[in-house]
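Quick caveat: nothing in here was measured; it's all calculated off a predicted structure.
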Amino acid sequence: MKPVNRLGRLVRLCKRLPKKWQSAALSRLFNGAVKFAGTAGIRITQADYQQAEMVLGNRKKVQNHIKGVHAAATALLGESVTGLVFGLNVPDDRLPLLKAMDINYVRRAKGSLKAVARLSDEQVAQIRSLEKGEVAVEVVITDEEGEQ
């Protein structure tokens, strides 16, 4: 799939690097633009036009009072992974904007977190072609035990 914006072109360049450097390069690029994600230490492990994956370590700066990843940091991870996969598809002349976020905390997370956001072929086509629209992006966040 062809990049439709500057972010897509930068991600494509990062993917030309040796595999072991790609995650660090993508993460540095993203965290430089999204300062709060950089402060939290979010790391991109995979990014393309239909799926993005990020991880957030259970480190002191993002912990709550019981030494788990704070709910707000979990929300930041979900918003970040959504923004990346959505942002890869938005043409440069349009403004991506988060309008709403629905989060259900169903259990206490244990350890580091991984978030995966996916878009269908239809959603990608809609984002790339419509001047205005809404797309609901589903995100699944799991902990070190693989539990949501």
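- K61 is linked by a side chain to side chain donor-acceptor pair (under 3.5 Å) to nothing, counting only residues two or more places apart in sequence or in another chain.
- Within the 4.5 Å cutoff, side-chain heavy atoms of M1 are placed close to those of V124.
- Counting all heavy atoms, side chain and backbone alike, V4 lies closest to R128 at CG1-NH1, 3.1 Å.
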Which donor-acceptor pairs under 3.5 Å do the side chains of residues 32-43 make with protein atoms, sequence neighbours left out?
unit_1: K35; atom_1: NZ; unit_2: G32; atom_2: O; d: 2.4
unit_1: T39; atom_1: OG1; unit_2: K35; atom_2: O; d: 3.1

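- S112 places no side-chain N or O within 3.5 Å of a backbone atom of E144 that could act as its donor or acceptor partner.
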Distance-only criterion, 3.5 Å: show the donor-acceptor pairs between side-chain atoms of residues 69-80 and protein atoms not counting sequence neighbours.
unit_1: H70; atom_1: ND1; unit_2: A72; atom_2: N; d: 2.9
unit_1: T74; atom_1: OG1; unit_2: H70; atom_2: O; d: 3.1
unit_1: S80; atom_1: OG; unit_2: L76; atom_2: O; d: 2.8

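- Contacts of E138 classified as side chain to side chain donor-acceptor pair (under 3.5 Å), with partners at least two apart in sequence or in another chain: none.
- Applying salt bridge (charged side-chain N to carboxylate O under 4.0 Å, His left out) to D143 and the options K114, R108, K110, R107 leaves one that passes, R107.
- Looking at N5, its side chain does come within 3.5 Å of a backbone N or O of L7 through a donor-acceptor pair.
- Separating the OG1 atom in T45 from the CD atom in E53 is a distance of 3.5 Å, to the nearest 0.5 Å.
- Between the S23 side chain and the I44 main chain, a donor and an acceptor come within less than 3.5 Å of each other.
- For the side-chain contact (heavy atoms from CB on, under 4.5 Å) test with L88, the passing option among D48, I127, V11 is V11; the others fail.
- The salt bridge (Lys or Arg N to Asp or Glu O under 4.0 Å) search around E131 returns none, not counting sequence neighbours.
- Residues L119 and V137 have side chains in contact (heavy-atom distance under 4.5 Å, counting atoms from C-beta outward).
- A salt bridge (Lys or Arg N to Asp or Glu O under 4.0 Å) check over residues 6-25, counting only residues at least two apart or in different chains, returns the pairs R9-D92.
- Residues G68 and N58 come closest through the heavy atom pair C-OD1, 3.8 Å.
- Between the side chain of Q123 and the main chain of A136, a donor-acceptor pair closer than 3.5 Å is present.
- For the residue pair N89 / Q50, no side-chain donor-acceptor distance below 3.5 Å is found, with atom types taken as modelled.
- Nearest approach of Y49 to V85, heavy atoms of both residues: O-CG2, 3.9 Å.
- You'll find the side chain of V140 reaches within 4.5 Å of the side chain of Q148, heavy atoms only.
- A continuous path of ILVMFWY side-chain contacts below 4.5 Å connects L98 to I103, so both sit in one hydrophobic cluster.
- Inter-residue side-chain proximity for W21 and C14 is flagged as unmet; no heavy-atom pair is nearer than 4.5 Å.
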